[in-house]
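Since the structure comes first, as structure tokens, the remarks are kept for the end.
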Amino acid sequence: METFPKIISVDDHTVEPPNVWRDRLPSKYQDIGPRIVRAPLKEMTFLGGKFAPVMGAPGDDGPIGDWWVYEDLHRPLTRLDTAVGYSRDEIKLEVITYEQMRPGSFSVPERLADMDINHVQSAVCFPTFPRFCGQTFTEAKDRELGLLGVRAYNDWMVEDWCGPDAKGRLIPLTLIPLWDARLAAEEVRRNAARGVRAVAFSEIPPHLGLPSIHTDEWDPFLQACDETGTVIAMHIGSSSKMPSTSADAPPAVGSTITFANCCFSMVDWLMSGKFERFPNLKIMYAEGQIGWIPYILERADVVWEENRAWGGVADKVHRPPSELFAEHVFGCFFDDAFGLKNLDAIGVDNVLYETDYPHSDSTWPKSKEVGEDQMGHLAPDVVDALVRGNAIKLLGLTEDGLWGPSAPKA
């Protein structure tokens, strides 16, 4: 491949700086709002898809790490949050401090420099402490504080992380208060008014104790996304329940089948009737890969054709699911040679590229080389669509692939 397009990654991550909420919440919440505490680790396990850390008391033995503390929650920063720059054998489940992570994880100038190293022009970043769709605030006791926490994160995302220093290269992804669809709609519209075109959502809301998309409960939120052209972005793990097989299954089992949540979620959406009720809706699956999509579409079409009379969808899904997929759904990949060999069965226009910086799965600093190796059989215009063109259209970026409000002025 003579030239490889500059990458627009639709799935990277930010590790929030320590003062995101302390700088933005009212003073009465300083002692219970999200804040960083340096403390020892007492114990930590990650089995059966469940992450269980326990913070020690000052003076206790154990490795020292930086912990997010919020109401009763104690969540440490871990090497899995920010693994780039470390060899595979060094990437273990351990607590770390900010000084022990690559600065590009939380600092804009260093992030842009690391993007340059990786041939990345622009990037969408999912949260770390709020988790992938803001579950942290949904699970909190104080809903007033939770709403303030969501809005504070969004203000930081738009004004600081994606602000002028980012030069249009960081593309905002905001959160919603998941516990109230009307408040969620208000937040979508508030952020859309300042140029935001993507919002995080849960792949399987019932896993969070929330209504499914088969109900009407989410309609105010979906209506707001439909009207504003806001893309609904769902990351693996955004249901707080990673796929696994048993309580004692090692993390490698879940890591192999992470796509499963995306698979289940996509079938939910295709059989929900929401795409016909809200014809401008677009959804994307971050870090779900794409190789599994052709069979699911084939099976969904068969079920819709042969079983819709008793399958509960005849009155709301009036077109084959594969047609709905083509108009509304985007799969995202960073390393999926099989999916690229079957691209015709997925659709060139429905695939986006990502680098997953700074997570352990990230292809940084060789995302360009990985892409060249896996896309070498594709025509240049197809490669350009996957690597940047589709993202530009979906996220409403400038022709140069930058986020408009913070793009340098001509």
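Here the structure is a predicted model, which means the values were calculated and not measured. Start at 1 with the first residue, then count along the sequence. Values below: all heavy atoms of this structure, side chains included; hydrogens, waters and symmetry mates excluded.
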Indicate whether the side chain of Asp248 and that of Ser246 have a donor and an acceptor atom separated by less than 3.5 Å. yes
Are there over 12 heavy-atom neighbours, none belonging to Phe264, within less than 6.0 Å of that residue's CZ? no
Considering only heavy atoms from C-beta outward, does the side chain of Phe137 approach that of Pro34 to under 4.5 Å? yes
Can you tell me how far the CZ atom of Phe201 sits from the OG atom of Ser239, to the nearest 0.5 Å? 11.5 Å
Donor-acceptor contact below 3.5 Å, side chain Gln135 vs main chain Cys133: yes
How many angstroms lie between OG in Ser202 and CZ in Arg131, if you round to the nearest 0.5 Å? 10.0 Å
Any Met101 side-chain heavy atom under 4.5 Å of Leu77 side chain: yes
Crowded around Lys92 NZ? As in, over 12 foreign heavy atoms under 6.0 Å? no
Arg111/Asp165 salt bridge by N-O under 4.0 Å criterion: no
Return yes if some donor-acceptor pair links the side-chain N/O of Arg197 with the main-chain N/O of Gly229 below 3.5 Å, else return no. yes
So Arg143 and Asp180, salt bridge (Lys or Arg N to Asp or Glu O under 4.0 Å) or not? Walk me through it. CA-CA 10 Å; Arg143 286 288 163 80; Asp180 189 316; over 6 Å; no
Check the pair Trp364, Asp356 against side-chain contact (heavy atoms from CB on, under 4.5 Å), reporting the backbone distance first and the verdict last. CA-CA 8 Å; Trp364 186 93; Asp356 198 30; over 6 Å; no
Lys366 and Asp335: CA distance, side-chain angles, deciding distance, salt bridge (Lys or Arg N to Asp or Glu O under 4.0 Å) verdict: CA-CA 11 Å; Lys366 297 182 178 181; Asp335 184 6; over 6 Å; no
To the nearest 0.5 Å, how far apart are CD1 in Ile213 and CH2 in Trp269? 4.5 Å
Does the Ser265 side chain pair with the main chain of Asn261, one donor and one acceptor, at a distance under 3.5 Å? no
Between Trp161 and Gly104 the two heavy atoms that sit nearest each other are CH2-O, 4.2 Å
About how many Å separate CG of Leu173 and CG of Asn191, when rounded to the nearest 0.5 Å? 10.0 Å
Any donor and acceptor pair, going by atom type alone, linking the side chain of Arg38 with main-chain N or O of Ile36 inside 3.5 Å? no
Determine whether Phe275 and Val317 make a side-chain contact, defined as any pair of heavy atoms from C-beta on separated by less than 4.5 Å. no
Give me the ring orientation class for His235 and Phe126: parallel if the planes are under 30° apart, tilted from 30 to 60°, perpendicular past 60°. perpendicular
Considering non-hydrogen atoms only, spot the tightest contact between Glu323 and Arg319 and give its length. OE1-NE, 3.3 Å
Identify the residue among Asp12, Thr363, Asp114, Thr82 that makes a side-chain hydrogen bond (donor to acceptor under 3.5 Å, both in side chains) with Tyr357. Asp114
If you apply the rule side-chain contact (heavy atoms from CB on, under 4.5 Å), what do you find for Leu352 with Glu354, and how did you get there? CA-CA 7 Å; Leu352 307 168; Glu354 58 183 61; over 6 Å; no
What's the spacing between Ile117 CD1 and His119 NE2 if we round to 0.5 Å? 14.0 Å
Under the ring-ring contact (aromatic ring centres under 6.0 Å, His included) rule, what do Tyr70 and Trp21 come out as? Steps first, then yes or no, please. CA-CA 10 Å; Tyr70 172 37; Trp21 287 276; 8.1 Å; no
Sub-4.5 Å side-chain heavy-atom contact between Phe4 and Val383: yes
One pair to check against side-chain contact (heavy atoms from CB on, under 4.5 Å): Thr128 and Arg75. What are the steps and the verdict? CA-CA 10 Å; Thr128 296; Arg75 198 279 192 192; 4.2 Å; yes
With the threshold set at 4.0 Å, does a side-chain nitrogen-carboxylate oxygen contact exist between Glu90 and Arg79? no
Does this structure show an ion pair linking Arg190 with Glu187, if we count only N-O contacts that are shorter than 4.0 Å? yes
Specify the closest pair of heavy atoms between Leu222 and Ile232, including all atoms of both residues, with the distance to one decimal. CD2-CD1, 3.7 Å
Contacts of type salt bridge (charged side-chain N to carboxylate O under 4.0 Å, His left out), residue Arg194, not counting sequence neighbours: Asp155, Glu159
Test your reading of the model: is there a side-chain donor-acceptor pair from Trp403 to the backbone of Gly195, 3.5 Å cut-off? yes
Less than 4.5 Å apart, any side-chain heavy atom of Met266 and any of Phe325? yes
State whether the side chain of Arg169 and the backbone N or O of Ser406 hold a donor-acceptor pair below 3.5 Å, judged by distance alone. no
Once you round to the nearest 0.5 Å, how far does CG of Leu270 lie from CD1 of Ile296? 9.5 Å
Any side-chain heavy-atom pair of Leu297 and Ile293 under 4.5 Å: yes
Shortest non-hydrogen pair, Ala192 vs Thr230, comes out as CB-OG1, 4.2 Å
Check the pair Lys141 / Asp72 against salt bridge (Lys or Arg N to Asp or Glu O under 4.0 Å), numbers first and verdict last. CA-CA 9 Å; Lys141 300 172 184 176; Asp72 297 330; 2.5 Å; yes
Can you tell me if Asp31 has over 12 outside heavy atoms packed within less than 6.0 Å of its CG? no
Measure the acute angle between the ring planes of Trp218 and Phe221, then classify it against the limits of 30° and 60° as parallel, tilted or perpendicular. perpendicular
Donor-acceptor check, side chain of Glu16 to backbone of Phe129, threshold 3.5 angstrom: yes or no? yes
Quick check: do Leu178 and Pro205 have side-chain heavy atoms less than 4.5 Å from each other? no
Shortest non-hydrogen contact from Lys274 to Thr215? NZ-O, 2.8 Å
So, the side chain of Asp336 versus the backbone of Gln289: is there a donor-acceptor pair under 3.5 Å, distance only? no
Between Lys393 and Asp349, is the closest basic N to carboxylate O distance under 4.0 Å? no
As a quick check of understanding, evaluate side-chain contact (heavy atoms from CB on, under 4.5 Å) for Glu71 and Glu139, giving each step before the final call. CA-CA 10 Å; Glu71 292 189 342; Glu139 295 167 358; over 6 Å; no
Backbone N/O of Thr174 and side chain of Asn154: donor-acceptor pair under 3.5 Å: no
Determine, using ring centers only, whether Tyr353 and Phe333 are less than 6.0 Å apart. yes
What heavy-atom pair brings Thr398 and Ala407 nearest, and what distance separates the two atoms? CG2-CB, 4.3 Å
State whether the side chain of Trp67 and the backbone N or O of Ala39 hold a donor-acceptor pair below 3.5 Å, judged by distance alone. yes
Under 4.0 Å between a side-chain nitrogen and a carboxylate oxygen: does that hold for Lys368 and Glu372? yes
Is there side-chain contact between Gln100 and Glu94, with heavy atoms separated by less than 4.5 Å? no
